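Presented below is the structure to which this report refers.
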There are 2 protein chains.
Amino acid sequence: MTSNPTSTSPSSTVIRAWSRLAKVQQLAADAIEQRLKAADLPPLAWYDALLELERAGPAGLRPFELERELLLSQCNLSRLIDRLEKEDYVERQACQDDGRGQVIAITAAGRAIRRRMWGVYGPAIQSVIGAHLSSGQAAALDTALGTLISGARPA
Amino acid sequence: MTSNPTSTSPSSTVIRAWSRLAKVQQLAADAIEQRLKAADLPPLAWYDALLELERAGPAGLRPFELERELLLSQCNLSRLIDRLEKEDYVERQACQDDGRGQVIAITAAGRAIRRRMWGVYGPAIQSVIGAHLSSGQAAALDTALGTLISGARPA
DNA sequence: TCAATATGAATGCAATTGCATTTAAACACG
DNA sequence: CGTGTTTAAATGCAATTGCATTCATATTGA
């Protein structure tokens, strides 16, 4: 490498895009959390975890796999699993292949609560995001964000 | 109103856009925080507060004004100001007009640390966001997010 | 004027997060 | 084998957040 392009300053468009990105995320997440709480449902983070586990099927997932999917720190995930387990939404099973590890599997109650959460979460997404964008705009946003994710991943 | 469009479910594009939005924000914020910490600088939230106060000029801002700008809860803002004040980055002044209130003003040290933070923060934005987008893509992203903010604001 | 209410800000306490360390099992290799 | 290193997960502790309450001052209206 002959230069260090990652140390240059961003354009004002990029700065504003980032600051808007953070603000939209915050506004949307706050609104969604608020609706979940109003419906006496668990917080968003539980949904994400339960969704990943449901997608993983009966085989479940190792905590370290969930950690990567959810972008959670190891200790926070460990305690999120504690809370989910306390409500019987997930089960900790001993891992056959690796005596240090576990396998986390969603329970029927976990699937049920995730579905109930979606009943609030889905409409909330629509009202905070979807309702304000044409389908073309939504697709453009989705594409740009997809580019950013592929860029950030391997870094 | 003859119907309730905010209660319908989002399209799969909107769902994916939202989930990517949250993920990008998380990845970017984590990376930025990490760089700030590596440079022994305060967290991102301090930057946002200091920037608003610097923009407000010598007149300063009332806490409840900052609260709206920063999307922070009242009690969290109160304690953020505590921390900033402890480091002499801001000053709490009695408010002339309103005996209940205060005016928060940035200090010279506050301006200095904000500037130092920008030296890390700016390049971090570039490397996480700017470097992965053409200027056209950045403008499109910025525009779409701008639409969302104006939509979310009055709601 | 004064009682009732509303608003700006702080604070006590529980829940959550972040950080560092710890425990236990797997690997690597002499 | 056996020692040293790495990896999976848990845990103690400090810092931060969220929630509800509190305190003080403003505002309103009888």
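Not measured: the values here are computed from a predicted model. Naming convention: chains lettered A, B, ... in sequence-line order (proteins, then strands); numbering from 1 in each chain.
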[X], nearest nucleotide to its side chain (from [options]):
{"X": "Pro63(B)", "options": "dT16(D), dA9(C), dA25(C)", "result": "dA9(C)"}
{"X": "Arg62(A)", "options": "dA9(D), dA9(C), dA10(D)", "result": "dA9(D)"}
{"X": "Lys37(A)", "options": "dA8(D), dG8(C), dC19(D)", "result": "dC19(D)"}
{"X": "Ser78(B)", "options": "dA10(D), dT11(C), dT17(C)", "result": "dT11(C)"}
{"X": "Cys75(A)", "options": "dG18(D), dA20(C), dA8(D)", "result": "dA20(C)"}

Short side-chain N/O contact to [N] OP1/OP2 from [X], under 4.0 Å:
{"X": "Asn76(B)", "N": "dT16(D)", "value": "no"}
{"X": "Arg100(B)", "N": "dT22(D)", "value": "no"}
{"X": "Arg83(B)", "N": "dT17(D)", "value": "yes"}

Determine whether more than 12 heavy atoms belonging to other residues, nucleotides or ligands lie under 6.0 Å from atom CD of Gln93(A).
->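 Count over threshold, so yes.
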
Using a cut-off of 4.0 Å on non-hydrogen atoms, how would the nucleic acid contact of Asp98(B) be classed: base, sugar-phosphate, or nothing?
->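 The answer is sugar-phosphate, as Asp98(B) gets under 4.0 Å only of primed atoms, P, OP1 or OP2.
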
Please work out if Cys95(B) contacts a base, only the sugar-phosphate, or nothing of the nucleic acid, heavy-atom cut-off 4.0 Å.
-> nothing

Salt bridge or not for Asp30(A) and Arg35(A), using N-O below 4.0 Å?
-> no

Any salt bridge between Arg111(B) and Glu54(B), counting N to O under 4.0 Å?
-> no

Using a 4.5 Å cut-off on heavy atoms from C-beta on, say whether the side chain of Leu84(A) contacts that of Ile104(A).
-> no

Do Ile113(B) and Leu50(B) come within less than 4.5 Å of each other through their side chains, counting heavy atoms only?
-> yes

Specify the separation, in whole Å, of atom CD of Glu67(A) and atom P of dT7(D).
->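 Spelled out: CD on Glu67(A) to P on dT7(D) is 13 Å.
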
What about Arg79(A), does its side chain sit under 3.5 Å from the base of dG12(D) through a donor-acceptor pair?
-> yes

Any donor-acceptor pair under 3.5 Å joining the side chain of Gln74(A) to the base of dA8(D)?
->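 For Gln74(A), whose side chain was compared with the base of dA8(D), there is no donor-acceptor pair (under 3.5 Å).
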
Asp97(A) vs Asp82(B), nearer the 5' end of DNA chain C by closest nucleotide |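 Nearest-nucleotide comparison on DNA chain C picks Asp82(B).
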
